[in-house]
Number of protein chains: 2
Amino acid sequence: METAEVETASADLEMIVHGPSGRNKPETRLWLRMLSTTKLITSEIRRRLRAEFGATLPQFDLMAQLYREPDGLRLGELSRRTMVTNGNVTGLVERLEADGFVQRVTPDGDRRVTVARLTPAGTEFFETMAAAHEGWLRDIMADVDPATITSLWSEIGAVKTSASNHLSGAAFE
Amino acid sequence: METAEVETASADLEMIVHGPSGRNKPETRLWLRMLSTTKLITSEIRRRLRAEFGATLPQFDLMAQLYREPDGLRLGELSRRTMVTNGNVTGLVERLEADGFVQRVTPDGDRRVTVARLTPAGTEFFETMAAAHEGWLRDIMADVDPATITSLWSEIGAVKTSASNHLSGAAFE
DNA sequence: TCCATATAGTTTAAACTTAAAATAATATAA
DNA sequence: TTATATTATTTTAAGTTTAAACTATATGGA
């Protein structure tokens, strides 16, 4: 009973960051809880991806984008869709190309452009991972009432919309 | 109107990862939305911390923990509370010590132990940042109904509990 | 005492991250 | 048709991240 203690200990960020939780504004409390929950699940997914497939989460995300687009995507578009910076995409694609899962092509029209797409091996690999990924999430959320899952989905949508409208550089219409 | 486009473009992970959103299991849809929302807000907080205080998010989190404990915390405890690995804490504390915000002490009893605590300058600095931080969150969630914020808090609690109970290494009682 | 084992931190290697600067290619405009 | 601006990607520097290996302590028995 002393083994898992150190590495898995839940570390309730929210219970601690600004105190025993009471004296925070509701927005702060919600944020701390969102953050700690996301961290918890992200770690778990990351651990399983690595253990079962030797892949990283950003690699999985990037391949997920490419899977949707059999013709491939420009690196810039890939960057936007993954919420990963430009420079980062360069390195990710390089490593995935070295592994044989992704292929880079420069189209004739515009030599500034690089299009990345999954190779057949990459497609197969991703499909396997995606199926497992979906199962992991069902497992992780197994104790949550289905109705709660649905309502959370829409309520978090409201948070996301609000956040989008209050970004520093927000100049959207 | 062409400026912010590239860097701020919202990049709807969820709308893309596994498709136009329809053909995913509810758990996957919720997860993608949680993840993209958290990324969005995290980026915003990170941007503001850097712009206004020249601080990073992990530094802020670490100082938040120490702020709660005037006597300081062992690095291992700090690691658990911040959900940051041991090795990472070492580097974070080193940099914060170099900035004069944190101080390291090895207690007499056990020479393996290092206790970190905020310096007066660190305390003052953190208080300023924390106040701003709370304001940013109110701003970011300004368009969300207060009742939704409350119900989200408890519903996400259910997700967190479920996730905690389904970790790979989960051996909690 | 001596040794196995457990603890606390640090270090390391590889990958990822951001932000900003640098390259390169293309488009636009005077 | 040049100069100028834009667009696409890469590079760079500093920091963060994970996982695993390593270094000291400490502790609990043979």
Side-chain angles (χ1 to χ4, degrees), chain A residues 1-9 39 42-51 54-62 73-80 82-99 104-116 168-169, chain B residues 1-3 5-9 39 42-51 54-62 72-80 82-99 104-116 168-169:
Chain A
M1 52 154 58
E2 73 297 6
T3 38
E5 246 289 287
V6 177
E7 23 272 313
T8 4
K39 266 190 185 178
T42 290
S43 299
E44 182 63 16
I45 299 284
R46 191 189 307 278
R47 187 157 39 231
R48 297 197 192 190
L49 273 177
R50 162 185 281 258
T56 66
L57 193 50
Q59 284 172 355
F60 177 77
D61 281 350
L62 194 150
L73 286 170
R74 294 179 170 204
L75 298 194
E77 179 62 16
L78 207 39
S79 163
R80 255 178 294 113
T82 52
M83 292 176 101
V84 148
T85 53
N86 260 332
N88 200 358
V89 164
T90 296
L92 279 168
V93 168
E94 261 167 14
R95 281 181 288 272
L96 285 170
E97 188 170 45
D99 290 339
R104 264 184 298 193
V105 186
T106 295
D108 290 345
D110 188 336
R111 277 179 304 176
R112 290 170 303 182
V113 174
T114 299
V115 169
S168 302
Chain B
M1 53 156 57
E2 73 295 6
T3 37
E5 246 290 289
V6 177
E7 24 272 313
T8 4
K39 266 191 184 178
T42 291
S43 297
E44 181 63 15
I45 300 283
R46 190 190 306 280
R47 188 157 40 231
R48 296 196 194 192
L49 273 177
R50 161 185 281 260
T56 66
L57 193 49
Q59 284 173 353
F60 177 78
D61 281 349
L62 194 151
L73 286 171
R74 294 177 170 206
L75 299 195
E77 180 61 18
L78 207 39
S79 164
R80 255 178 294 116
T82 52
M83 292 177 101
V84 147
T85 52
N86 258 332
N88 200 1
V89 164
T90 297
L92 279 166
V93 168
E94 262 168 13
R95 282 181 287 272
L96 285 170
E97 188 171 46
D99 290 339
R104 264 186 297 193
V105 186
T106 295
D108 290 344
D110 188 337
R111 277 180 304 176
R112 292 170 303 181
V113 173
T114 299
V115 169
S168 301

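In what follows, chains are A, B, ... by sequence order, proteins preceding strands, each numbered from 1.
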task: Could you pick out which residue, B:E94 or B:D110, lies toward the 5' side of DNA chain C when each is mapped onto its nearest nucleotide?
output: B:D110
task: Check the pair B:R80, B:E77 against salt bridge (charged side-chain N to carboxylate O under 4.0 Å, His left out), reporting the backbone distance first and the verdict last.
output: CA-CA 5 Å; B:R80 255 178 294 116; B:E77 180 61 18; 2.7 Å; yes
- prompt: Just by modelled atom types, is the B:V84 backbone N or O under 3.5 Å from a matching donor or acceptor in the A:K39 side chain?
  reply: no
message: Quick check against the 3.5 Å criterion: does B:Q59 have a side-chain atom that pairs as donor or acceptor with the backbone of B:L96?
response: no
message: Could you walk me through whether B:L49 and B:I45 satisfy the side-chain contact (heavy atoms from CB on, under 4.5 Å) test, starting with their C-alpha distance in whole Å, then the side-chain angles of each, then the deciding distance to 0.1 Å, before giving a yes or no?
response: CA-CA 6 Å; B:L49 273 177; B:I45 300 283; 4.2 Å; yes
Considering just the side-chain nitrogens and oxygens of [X], establish if one lies under 4.0 Å of OP1 or OP2 belonging to [N].
X	N	result
B:R74	C:dA8	yes
A:Q59	C:dC16	yes
B:R104	C:dT10	yes

query: Between B:L57 and A:L75, who's closer to the 5' end of DNA chain D by nearest nucleotide?
result: A:L75
- request: Confirm from the modelled atom types if A:R112 and D:dT9 form a donor-acceptor pair under 3.5 Å, side chain to base only.
  value: no
Calculate the interatomic distance between [X] atom [atom1] and [N] atom [atom2]; express it in whole Å.
X	N	atom1	atom2	answer
A:L62	D:dT9	CG	P	13 Å
B:L78	C:dT7	CG	C1'	17 Å
A:L96	C:dA15	CG	P	11 Å
B:D108	C:dA8	CG	P	18 Å
B:L73	C:dA8	CG	C1'	14 Å

- prompt: Does the distance from a Lys or Arg side-chain N to an Asp or Glu carboxylate O, for A:R47 and A:E44, drop under 4.0 Å?
  reply: yes
message: I'd like to know whether B:L57 forms a side-chain contact (heavy atoms from CB on, under 4.5 Å) with B:T42, so could you lay out the CA-CA distance, the side-chain angles of the two residues, the decisive distance to 0.1 Å, and finally the verdict.
response: CA-CA 8 Å; B:L57 193 49; B:T42 291; 3.6 Å; yes
- line: One would report the end-axis bend of the helix from C:dT1-D:dA30 to C:dA30-D:dT1, five pairs per end and rounded to 10 degrees, as 10°
- prompt: Can B:V93 and B:L75 be said to form a side-chain contact (heavy atoms from CB on, under 4.5 Å), step by step?
  reply: CA-CA 9 Å; B:V93 168; B:L75 299 195; 4.0 Å; yes
query: Under the criterion side chain to side chain contact (heavy atoms under 4.5 Å, CB included), which of A:L62, A:T90, A:L73, A:N86 is the partner of A:S79?
result: A:N86
query: How far does CG of B:L78 sit from CG of B:L92, to the nearest 0.5 angstrom?
result: 8.5 Å
Between the protein and nucleotides 17-21 of chain D, list the N/O to N/O atom pairs that are separated by less than 3.5 angstrom.
{"from": "D:dT17", "atom 1": "OP2", "to": "B:N88", "atom 2": "ND2", "distance (Å)": "2.5"}
{"from": "D:dT17", "atom 1": "O5'", "to": "B:N88", "atom 2": "ND2", "distance (Å)": "3.3"}

